[in-house]
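First listed ligand is number 1; within each ligand, the first listed atom is number 1.
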Amino acid sequence: MAHSPMKYVKGMPTEGPFAENWMNVQNFQAREDDVMINTYPKSGTTWACEIVDLIFNAGDSKKTDREAIYERVPFLELAMANMPPTTQILDNMKGRRLIKSHLPAELVPKSFWENNCKIIYVARNGKDVAVSYYHFHKTFSLFPDPGPWESFLERYMEGEVAYGSWSDHVKSWWKIRQQSHVLFLFYEDMLQDPKHAIQQVADFLKQDLSHEALNEIQRKTSFQAMKENPLTNYSTFPNSIMDQSVTPFMRKGICGDWKNNFTVAQSERFDEYYRREMSGTDLTFCFSE
Ligand code: PPS
């Protein structure tokens, strides 16, 4: 599998074709009823996307099991050689659009803010994100080869990976979390009390859910159910782009897997970085169950 080198957009490292399509992303026309699901990569995007689609379909999986998650919730900034960019696919989409993005708040196209579009942001602790991102780099040909874990972790803490710095990203969204059209969630809270998280999202979207619908959404969006569902586990995605024989997309889905990957010294270096980056904010993460 050939990996691609990175380019930069407004100082943020990104994939080459994404950078080439940047003008279309920046000028993208959001509509009032668009809903964006945004995260730093590997923070629970797919999980949140499936929850939102099920909520809009009152928990009826006969309706959501129509297409793969990446078709039901197109990825705004995705662009690949020889394929129409997602911006074009979204322009032609009728009805309510659910839109996935990993852009930091300041790079989200201004039409989303002008239209007060609802945005659900999920943040995950930076150590588990680093591990998940490292494994994902090995499978995803649009990203550069991650090399050894030690050097990947250094680049991650320097923000020299796709979408830049994890800490800048989470802080950019934390700063604006009180805007009424933004819902800020933590992956670890979703793991601990999924039903509560689903209800929070439904309330935010002003969608009533019956007891049965809530239970059904919880069942359908458990890690195991999503791992087994070909429409959410990316097994229908081209193998030449995401080679899951290396690591499955639905890998572990837990809090604290970093303990199996970080050395004590790496953990201490990360803690130092975390303290420095989070000083001056009241944003805190949970790193263990
Ligand atoms: S991506 O490629 O950035 O869009 O990936 P993303 O979906 O944001 O994150 C993938 C990680 O989320 C885990 N995941 C889940 N965890 C718990 N419950 C559910 N339902 C769930 N769905 C996805 C997935 O396993 C990846 O984390 P890791 O740690 O690699 O297992």
Are Met6 and Ile241 connected, step by step, through hydrophobic side chains (Ile, Leu, Val, Met, Phe, Trp, Tyr) whose heavy atoms are closer than 4.5 Å? yes
Donor on one side chain, acceptor on other, Asn24 and Gln88, under 3.5 Å: no
Distance-only polar pair, side chains of Gln266 and Trp149, donor-acceptor under 3.5 Å: yes
At a 4.0 angstrom heavy-atom cut-off, what protein residues surround ligand 1? Pro41, Lys42, Ser43, Gly44, Thr45, Thr46, Trp47, Lys100, His102, Arg124, Ser132, Phe136, Tyr187, Leu191, Thr221, Ser222, Phe223, Met226, Phe249, Met250, Arg251, Lys252, Gly253
Between Arg66 and Asp53, is there a side-chain N and carboxylate O pair less than 4.0 Å apart? yes
Could you check whether Glu272 pairs with Arg275 (Lys NZ or Arg NE/NH1/NH2 to Asp/Glu carboxylate O, under 4.0 Å)? no
Is the distance between the ring centroids of Phe249 and Phe237 less than 6.0 Å? no
